[in-house]
S.K.: 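The structure that follows is given in the form of structure tokens.
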Amino acid sequence: WKQSKNKAEVARQNSTYKNPNGNDAKTTPIYPNPDNYEASTPSTSSSAAASSNLGIRTDGTVHGEDVAAYALKFVGGGFKWGGRWNGELPYKPTTCIGFIEGIYLHFGIKVDWTEDTRKYLNNPAKYTVVTNAPKRPGDIVVYKGHYAMLTGRGNEMVHAAGVKYGVITSKDYHKCVKKLLGVVRVNGVV
């Protein structure tokens with residue numbers, strides 16, 4: 001809506017419609033004022049998720065396959081030490097955990113932006129450890145010093161792998177050079 005509103009504003013400033021009923025007719029903008037429209041009610045409280053509603057189902061749920069599909073759109077994106085990203089376009093180069101954080105922020109879910117793996121592995125209020133259970137797309141793979149997301153295509157993961165690689169997919173999360181500490185699911189993601 002914001003992008004449409006901005007385009008309409010540009011058009012409004014540059015275009016007018018003259019009423020053909022006479023010379024003294026008032027000149028009016030082609031586009032109506034968007035402030036006269038009734039605001040919609042977003043399906044989530046997050047403005048980030050509400051901005052595009054990608055992956056947020058009509059019942060307000062977030063599905064792991066939607067989260068993973070969104071993450072895969074950024075393969076080829078950059079990596080930046082200390083970088084943070086809000087999950088919206090344009091993509092802003094970030095760290096591995098910043099990438100995961102940004103993806104989930106897009107869906108209105110706040111995950112921990114930290115290198116402290118205990119916040120993921122020992123926080124049942126926010127995350128369910130699924131290391132020894134069936135995995136789903138969107139699950140977060142926690143390594144010593146690295147984070148990734150499962151795509152749902154076998155053992156494949158998507159992650160911001162480093163300055164040299166950027167955002168990539170890797171075929172098997174078991175084969176990372178970092179020590180695997182566990183896999184967690186964000187509570188509330190189905």
S.K.: Quick one: side chains of residues 172-179, donor-acceptor pairs under 3.5 Å with protein atoms, not counting sequence neighbours, listed by atom name and distance.
M.R.:
unit_1, atom_1, unit_2, atom_2, d
D172, OD1, H174, N, 2.9
D172, OD1, H174, ND1, 2.9

S.K.: List the residues meeting ring pair (Phe, Tyr, Trp, His ring centres under 6.0 Å) with Y91, not counting sequence neighbours, and say none if there are none.
M.R.: F74, W85
S.K.: Can you establish whether the number of heavy atoms outside K92 located under 6.0 Å from its atom NZ is more than 12?
M.R.: no
S.K.: Does a side-chain heavy-atom distance below 4.5 Å link I97 with T114?
M.R.: no
S.K.: For A160 and C96, work out which heavy atoms get closest and say how close.
M.R.: O-CB, 3.4 Å
S.K.: Honestly curious: do Y104 and L150 fall in one hydrophobic cluster under the side-chain, below-4.5 Å linking rule?
M.R.: no
S.K.: Any idea which heavy atoms bring A71 and V158 closest together, and the distance?
M.R.: CB-CG1, 3.8 Å
S.K.: Could you check whether any side-chain heavy atom of D112 comes within less than 4.5 Å of a side-chain heavy atom of N123, counting everything from C-beta outward?
M.R.: yes
S.K.: I'd like to check the side-chain contact (heavy atoms from CB on, under 4.5 Å) partners of T128; sequence neighbours left out, ordered by chain and number.
M.R.: V130, N187
S.K.: Hey, any chance Y70 and V75 share a hydrophobic cluster, counting ILVMFWY side chains that come within less than 4.5 Å of each other, even indirectly?
M.R.: yes
S.K.: Taking everything shown except K135 itself, do over 12 heavy atoms lie less than 6.0 Å from its NZ?
M.R.: yes
S.K.: Indicate if F79 and L72 have the same hydrophobic cluster label, given that clusters are the connected sets of ILVMFWY residues with side-chain heavy-atom separations under 4.5 angstrom.
M.R.: no
S.K.: Considering residues at least two apart in sequence or located in another chain, which fulfil the salt bridge (Lys or Arg N to Asp or Glu O under 4.0 Å) criterion with K110?
M.R.: E101
S.K.: Would you give the length of the straight line joining atom CZ of R118 to atom CG of L181, rounded to the nearest 0.5 angstrom?
M.R.: 11.5 Å
S.K.: Any side-chain hydrogen bond (donor to acceptor under 3.5 Å, both in side chains) involving residues 138-150? Give me the pairs, sequence neighbours left out, ordered by first then second residue.
M.R.: D139-R185, H146-H159
S.K.: Would you say I100 and I168 are hydrophobically clustered, going by side-chain heavy atoms of ILVMFWY under 4.5 Å?
M.R.: no
S.K.: Treating Y127 as the side-chain partner and V111 as the backbone partner, does any N or O pair qualify as donor plus acceptor under 3.5 Å?
M.R.: no
S.K.: What are the two closest non-hydrogen atoms of V167 and G78, and how far apart are they?
M.R.: CG2-O, 4.1 Å
S.K.: Are V141 and V189 grouped together when hydrophobic residues (ILVMFWY) are joined by side-chain heavy atoms under 4.5 angstrom apart?
M.R.: no
S.K.: Please enumerate all residues that pass side-chain contact (heavy atoms from CB on, under 4.5 Å) together with T131, with sequence neighbours excluded.
M.R.: V129, V183
S.K.: Compare every heavy atom of M149 with every heavy atom of A68, then report the nearest pair and how far apart it is.
M.R.: CA-SD, 4.0 Å
